[in-house]
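For clarity, every value in this text was computed on a predicted model and none was experimentally measured. Letters A, B, ... mirror the listed sequences (proteins, then strands); counts begin at 1.
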2 protein chains.
Amino acid sequence: MAKASSTGVRPTIRMVAELAGVSTATVSYVLSGRRGDGGPGVSDPTAEKVKAAAERLGYRPNQAARAIRTGRTNTVILSLTMLSDPWSLSVIEAVQKAAVPLGITPMILGDADWVKVLGTHNADAVFVDAVRGNQRDDLRKLAARGTTLVVFDEVLDAEGFDVIRSIAGPGCRMAVEHLLHGHRRIACLTPATASGTSGGSRYRAYSDALASAGIPERQDYVGLFDGTTAGAYAASTRLLSMPDRPTAIYATTDYAAVSAINAAQRLGLGVGVDVDIIGVGNTVEGERMSPSLSTVGPVDFFDKLARRLLKRAAGHGDHDEPAVLDFPWHLFVRESAPHRSTATRLY
Amino acid sequence: MAKASSTGVRPTIRMVAELAGVSTATVSYVLSGRRGDGGPGVSDPTAEKVKAAAERLGYRPNQAARAIRTGRTNTVILSLTMLSDPWSLSVIEAVQKAAVPLGITPMILGDADWVKVLGTHNADAVFVDAVRGNQRDDLRKLAARGTTLVVFDEVLDAEGFDVIRSIAGPGCRMAVEHLLHGHRRIACLTPATASGTSGGSRYRAYSDALASAGIPERQDYVGLFDGTTAGAYAASTRLLSMPDRPTAIYATTDYAAVSAINAAQRLGLGVGVDVDIIGVGNTVEGERMSPSLSTVGPVDFFDKLARRLLKRAAGHGDHDEPAVLDFPWHLFVRESAPHRSTATRLY
DNA sequence: CTGTTAGCGCCTTCAA
DNA sequence: TTGAAGGCGCTAACAG
């Protein structure tokens, strides 16, 4: 049984070198596993001695020190504003699956204030899931300083960083039009902050589709909430408790749609029967729940996102130009808002 | 309008020094804002020059380099195994609130494999939310190497690190006994993995309480699930669809209880009326939902946890001995499992 | 009050 | 096949 370092001090490469009776360079070669591919060869007995010494001391290379020398951190940062949103969990899941085999560690930044953090902390690549108007300049500055960015946004251009975009507008339009096949009294459930930001296009799809169908928009059919799950639940309850309640709800995010389903069931309404509910985003949670959530969303979005991010993180030399990646949207018809024919329509 | 660094290279302290016409040391003094408190003073005009130069270049100190020198990263790592659990979100929220004013950045590690990551990445303090049996040695080794740890566990001792413990046993017992006032047919909803780990005590409280009350335990009243929300929902549906369905469900986590409530409502059962549901953990989500979730849990747990972690992260000099912190549990009677008198009991 | 020097732990030449 | 030396960006101790 090795005694390990009971000194309370972290073992350094130098201690390993001393214990093995070699130089620090040799240790570095052996432990970073690069001998033979152009790097100097090290004799097997020496390599063994080094490995044994490292093991005995419990040596692990110091990433901070390595980063300062190599410029690589083997880390990607995910800046996620709404951690409770299933969308964020899907991002995390996909990135983690793709990162682990590459020896890259994903670190999650829950704070919305990524500007300050990314200025001082480095990562091989950074994913940012929401950019407010006044942060556009910060993004450009970060990119100019060499930070590798992948940004999720519907309007930004690729000014030194990748932009992942999934044009919500047409997709959302499809969602509302799907409801229009069976309904006239359609409500919209959307966070209050979304009026100005990217969510705005999701709401606009609702307005436009209704207008095209010749249905006047009712103010009391717009359920604004504060962005929380509880808020979405409350707003849904209000909508579904009205005397002339809507027969369908278009929710601008999947998690809001999930809350709406729970609220409807609480009120004793059959989801997909008495009331249809459709979401936006195509998250796994929606697919797995019961009744399964009808939704619109990009296909394979999360995997593609993860691939892009890790390609940027790993491929330090490859210089694909930063680009805008556009993901097409599909309509996923499931139980919460099934197909409606003239026979089954609710008006 | 400053041109900023359009070189694609991150500005260093040396560039700032050159531009300002001073030495790097002076820059360091000025920008780390420590002049006067024992450190050398710097004249105001010089300080201004330095600040202007830094601003012009968009300079931000490199945390990795600083860390290697000072041993401090201004970072805490939260290793959270089940990010979708509201419990994790509460931890994040509390830590973030406490960390920001101290200039400390919380980084979240979603990967369950913290052993590898913490070996190479450093932080001023680390919170670990789950320790498997074979990881105990790793914990000790990490602590011996100087990693500051705060571990959430019910059985570990403080072997070089803090242990936060919230003896679930007695609290869970209270939960089941609360149900026993009004019920005889009580089911238990618990993740399958919990048989061996800390969750085991939560299940044992159920067994013991039933035994003490002279009620035989029914195998078909134990709803095992895979740890996911969807799994908990499915298991709840099965329980509540039985011919002689239970009139109460004791869920070993709040998030499972939430799923059970949704399942019950889906089946048209009145929660708190036809069926009582109680959770474990006292998360905010449970408190805010409708019907509000009855539960047991420690009081002020998350804030206390955050305070401890940040005290460890900030107080580099203070050497309180690592200790076991024990948080007492309370019973929170809310709508999903109200008080039952002999008049309102369901048997 | 300011600049010089010496490292932190690691990796990468270059010479032996 | 190995070792010595230099430097990454930064700060701490010591000169001036």
Exercise for the section: Using side chain to side chain donor-acceptor pair (under 3.5 Å) as the criterion, list what pairs up with B:S88, not counting sequence neighbours. Expected result: none
Practice task
For B:R308, enumerate each residue passing the salt bridge (charged side-chain N to carboxylate O under 4.0 Å, His left out) test, keeping only those at least two apart in sequence or located in another chain.
Solution key: B:D162
Handout entry: Relative orientation of the end axes in the helix from C:dC1-D:dG16 to C:dA16-D:dT1, expressed as an angle to the nearest 10° (five pairs per end)
Key = 50°
Problem - Nearest-Å distance for atom pair CZ/P, residues A:R10 and C:dC10 - result: 7 Å
Handout entry: Atom-to-atom span, CD of B:Q63 to C1' of C:dC8 - whole angstrom
Key = 15 Å
Handout entry: A:R14 vs C:dC8: side-chain N/O to OP1/OP2 distance below 4.0 Å
Key = yes
Completion exercise
d(B:L89 CG, B:L83 CG) to nearest 0.5 Å is 7.0 Å
Handout entry: Inter-residue atom distance B:L305.CG - B:L310.CG, 0.5 Å rounding
Key = 9.0 Å
Handout entry: Under-4.0 Å side-chain N/O to phosphate OP1/OP2 contact, A:T46 with D:dT2
Key = yes
Handout entry: Non-neighbouring partners of A:R140 that pass salt bridge (charged side-chain N to carboxylate O under 4.0 Å, His left out), sequence neighbours left out
Key = A:D137, A:E159
Handout entry: Rounded distance in Å - CZ (B:R145) to P (C:dG9)
Key = 13 Å
Problem - Length of the line joining A:K49:NZ and D:dT1:P, which is rounded to integer Å - result: 14 Å
Handout entry: Short side-chain N/O contact to D:dG9 OP1/OP2 from B:T12, under 4.0 Å
Key = no
Exercise for the section: Could you state the atom-to-atom distance from CD1 of A:I13 to P of D:dG3 in whole Å? Expected result: 13 Å
Fill in the blank from the handout: Sequence neighbours excluded, the answer for salt bridge (charged side-chain N to carboxylate O under 4.0 Å, His left out) partners of A:R66 is none
Handout entry: Whole-Å distance separating the CZ atom of B:R66 from the C1' atom of C:dC8
Key = 14 Å
Problem - Residue pairs, two or more places apart or on separate chains, that pass ring pair (Phe, Tyr, Trp, His ring centres under 6.0 Å) and touch residues 108-144 of chain A - result: none
Handout entry: First of A:T26 and B:R60 reached from the 5' end of DNA chain D, by closest nucleotide
Key = A:T26
Completion exercise
On DNA chain C, more 5' by nearest nucleotide between A:Y59 and B:G21 is B:G21
With the criterion being N/O to N/O and under 3.5 Å, what pairs connect the protein with nucleotides 4-6 of chain D, and how long is each?
from  : atom 1 : to    : atom 2 : distance (Å)
D:dG6 : N2     : A:R69 : NH1    : 2.9

Problem - For atom CG of A:N122 and atom C1' of D:dC8, their distance in whole Å - result: 12 Å
Exercise for the section: Quickly work out the A:R72 CZ to C:dT12 P distance and round it to whole Å. Expected result: 12 Å
Handout entry: ring pair (Phe, Tyr, Trp, His ring centres under 6.0 Å) against A:F152, all qualifying residues, sequence neighbours excluded
Key = A:W87, A:F301
Practice task
Report yes if at least one side-chain N or O of A:Y29 is closer than 4.0 Å to OP1 or OP2 of C:dT13; otherwise report no.
Solution key: no
Handout entry: ring pair (Phe, Tyr, Trp, His ring centres under 6.0 Å): pairs with one or both residues in residues 49-69 of chain A, sequence neighbours excluded
Key = none
